[in-house]
Amino acid sequence: MSQSTSSISVKKRAIVLGAAGYSGAELVRLLSQHPSMQLVAAYASEGRTAEPFSSLYPRFQQQVDLLVEPWRDSELTDLAQRADVAFLALPHEASEQLAPKLVQAGLTVFDLSGAFRLKNPALYPEFYGYQHQHPAYLVSAPYGLAEWITQDELEQSLFAVAGCYPTASSLALLPLVKQQLLAEYSVPVISAVSGVSGAGRKASLSTSFCEVGLAAYGFFSHRHRPEIEQCLGRSVVFTPHLGNFKRGILATIVVTLAENVSKAQVDAAFQHSYQHKPLVRLLNRSPNVADVAGTPFCDLFWQQQGQQLVIVAAIDNLLKGAAAQAIQLANLKYQWSETSGLLAGDPYE
Ligand SMILES: NC(=O)C1=CN([C@@H]2O[C@H](COP(=O)(O)OP(=O)(O)OC[C@H]3O[C@@H](n4cnc5c(N)ncnc54)[C@H](OP(=O)(O)O)[C@@H]3O)[C@@H](O)[C@H]2O)C=CC1
Ligand SMILES: CC(=O)N[C@@H](CCC(=O)OP(=O)(O)O)C(=O)O
C-alpha cells in the first residue's frame, strides 16, 4: 500500500449537519483542513436545495469545494458505511431528535447544541421550552468542556459540547472551585458580552445592524445559568449582554475568596489547571476579544484585592465556544494532538 493510500485510510470520515449556519460553517472550514479527518458531506435543513458551500459563504471560494445538501432522514440508511463522525450545529430540538438516530446508526456524535448538556431532564421545559424525549442520553452524554473532560468520558459516542458563555465562565471558575478557594457563601457574578454571531445566522430584528448596541438580557433566566451551575456545582448570577461586534465573548466574573487565600494560591490554581492545556492562555494583562476572534483559544486573567477576585475570560463564541471545541474533543477522543487542525490557516479578518 502506498503511503498516501495508508494515510487516507486511517482518516475519520466526518459529516456536518447545520453547515449553512455560523458554527456549522466553522466546522466545515476546520474539518476541510484537519489532517486526520476527511469531510465527506455537509447538510443544511431539508427545505433547501443543494448549494455550493462557497456560494453560501463566498469568502471560501477556491478554498472549500463542497456541496451543502438538504438533510433527509433517509441519509441514515447505511450512513456508517460512509461516515464515522457527525458534528451537529443544529437548533436544540433538531439535535435532540437526530443525535440518538446517528448514534444508533453507528456514528460518534459531537453536538454543539444544548440538547444534551443538562443532566436533569426537568430543566428542559423551563430553560429550553420543550420536554426532553431522550433522557437516557442526558445521563450518558459527557459534558464537552475539553480541558476538564476525563478519559472515561471520552469513551462515549455522544458528546454535549459545552455552550459558548458556559465555556468562558467555567474555564475561569473551575480552577478555584476544584481547589476550594471560594468562600462558601460566594455566588460568582458573571457578566458576559457576546458578539452577534452568537444568535446564529437567521435574520431577526433584535440582531439586525441598526438595532444592536450594547444591552443586557436574560436576567436570571438564561439557559446557560443552569449549565454553568451544573458544571461548577454551585449557584451563580449570570447576565449575558449583546454587543455590536461580530464574534467573541468577554466574561467578567467577580467572586469572594475564602478567608486568607493568598495570591500565590490563586495563581497556583490556574497554573495547575492549565499548564498542560494548549488552548488556554494565562495572561498578565486584561484579555481582549480582538485577540481571540478567529482563534480556538480561551484567554484568562485575574486580579485580586483581599478576598475579592475578578477573573476575565475571552473566547471566540464560534470557535472555542462551539466548532473548535468540538474538534478539540474529537482530537482528544481519537488521541490526536489536542490542537490538531485548529491552529493553521486562520482566515479571520
Ligand atoms: N452561534 C454560536 O455562537 C453558538 C452556537 N451554538 C449552537 O450551535 C447550534 C447552531 O447554532 P448557529 O450556528 O448559531 O445556528 P444558525 O442559525 O446559524 O444555523 C443553524 C443551521 O441548522 C440548520 N437546521 C435548522 N433546522 C434544521 C433541521 N430540522 N434539520 C437539519 N438542519 C437544520 C440550518 O439550516 P438552514 O440554513 O437550511 O435553515 C442551519 O444550517 C445551536 O444549537 C446553537 O445553540 C453553540 C455555541 C455557540
Ligand atoms: C448572542 C446570543 O444570542 N447568544 C445566544 C447564546 C449562543 C448559543 O448559541 O448558545 P449555546 O452556546 O448554548 O449553543 C443566546 O443568548 O441564546
Side-chain angles (χ1 to χ4, degrees), residues 15-29 41-51 53 56-57 68-73 75-76 86-99 101-102 110-118 127-129 143-145 159-170 192-204 206-207 211-212 214-219 221-228 230-231 238-251 293 315-326:
I15 61 172
V16 172
L17 279 76
Y22 283 151
S23 46
E26 289 295 346
L27 284 167
V28 168
R29 174 176 74 82
Y43 300 95
S45 64
E46 189 169 4
R48 276 186 189 264
T49 48
E51 194 175 344
F53 180 68
L56 289 163
Y57 288 93
V68 176
E69 299 166 86
W71 171 264
R72 295 191 185 88
D73 273 6
E75 296 283 344
L76 288 162
F87 291 89
L88 308 191
L90 303 172
H92 316 294
E93 279 184 89
S95 264
E96 197 215 289
Q97 297 306 313
L98 263 174
K101 293 179 187 170
L102 289 160
F110 296 90
D111 177 28
L112 273 58
S113 85
F116 298 95
R117 291 184 199 148
L118 300 178
F127 289 97
Y128 283 81
Y143 183 66
L145 185 63
F159 294 84
V161 181
C164 51
Y165 289 120
T167 292
S169 307
S170 300
V193 188
S194 170
V196 184
S197 60
R201 199 180 198 195
K202 203 171 281 174
S204 87
S206 61
T207 58
E211 303 290 326
V212 180
L214 174 59
Y217 64 102
F219 302 93
S221 60
H222 196 280
R223 63 195 165 78
H224 286 169
R225 176 173 64 79
E227 184 179 330
I228 297 165
Q230 173 183 281
C231 186
F238 169 62
T239 312
H241 299 63
L242 184 66
N244 60 356
F245 52 98
K246 285 188 186 175
R247 53 199 286 170
I249 286 178
L250 190 80
I315 60 167
D316 184 317
N317 53 300
L318 296 174
L319 290 175
K320 182 59 180 161
Q325 179 146 249

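Counting convention: from 1, in listed order, for ligands and their atoms alike. As a basis for the values below, the full set of heavy atoms in this structure was taken, side chains included, without hydrogen atoms, waters or symmetry mates.
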Query raised in the report: Does P91 come within less than 4.0 Å of ligand 1, judged by its heavy atoms?
Result: yes

Query raised in the report: Considering only protein heavy atoms, which is closest to atom 40 (C) of ligand 1, and at what distance to one decimal place?
Result: G21 N, 3.8 Å

**Report entry** Contact check: C164 vs ligand 1, nitrogen or oxygen atoms, below 3.5 angstrom
**Finding:** no

Query raised in the report: Backbone or side chain, does any N or O of Y22 fall under 3.5 Å from an N or O of ligand 1?
Result: yes

Requested in this report: Run the contact test for L318 against ligand 1 with a 4.0 Å cut-off on heavy atoms, strictly below, and give the result.
Outcome: yes

Query raised in the report: Name the residues in contact with ligand 2, where contact means a heavy atom under 4.0 Å away: which are they?
Result: L112, R117, G163, C164, Y165, S194, G195, G198, A199, Y217, H222, R223, H224, L242

Query raised in the report: Heavy-atom distance to atom 43 (O) of ligand 1: which of L90, L112, V161 wins?
Result: L90

**Report entry** Sub-3.5 Å N/O-N/O distance, G321 and ligand 1
**Finding:** no

Query raised in the report: For ligand 1, is any non-hydrogen atom under 4.0 Å from A94's backbone (N, CA, C, O), its side chain (CB onward), both, or neither?
Result: side chain

Query raised in the report: Looking only at heavy atoms, is any part of R48 under 4.0 Å from ligand 1, and if so is it the side chain, the backbone, or both, or is it neither?
Result: side chain

Requested in this report: Below 4.0 angstrom from a heavy atom of S113, which ligand 1 atoms are there? Numbered from 1 as shown, please.
Outcome: 43 (O)

**Report entry** E46 N/O to ligand 1 N/O under 3.5 Å
**Finding:** no

Query raised in the report: Which residue and non-hydrogen atom of the protein lie closest to atom 39 (O) of ligand 1, and at what distance in Å?
Result: S45 OG, 3.3 Å

Query - Polar atom proximity, L98 to ligand 1 (N or O, under 3.5 Å) - result: no

Report task. Examine the side chains of S206 and E211 and answer whether a donor and an acceptor come within less than 3.5 Å of each other. Result -> no

Query raised in the report: Between R201 and Y57, is NZ or CZ placed under 6.0 angstrom from the six-membered ring centre and within 45° of the ring axis?
Result: yes

Report task. For the pair F110 and F159, name the ring-plane relationship: parallel under 30°, tilted 30 to 60°, perpendicular over 60°. Result -> parallel

Requested in this report: Please report the shortest heavy-atom distance between Y143 and E227, naming the atom on each side.
Outcome: OH-OE2, 2.6 Å

Query raised in the report: Any donor and acceptor pair, going by atom type alone, linking the side chain of R48 with main-chain N or O of Y43 inside 3.5 Å?
Result: no

Query raised in the report: Are E75 and R72 close enough for a salt bridge, meaning some N to O gap below 4.0 Å?
Result: no

Report task. Give yes or no for whether the N/O distance cutoff of 3.5 Å, strictly under, is met between S23 and ligand 1. Result -> yes

Query - Heavy-atom donor-acceptor pair, H241 side chain to A215 backbone, under 3.5 Å - result: no

Report task. Pick one of side chain, backbone, both or neither for how A115 approaches ligand 1, counting any non-hydrogen atom pair under 4.0 Å. Result -> neither

Query raised in the report: Quick one: does Y43 get an N or O within less than 3.5 Å of an N or O on ligand 1?
Result: no

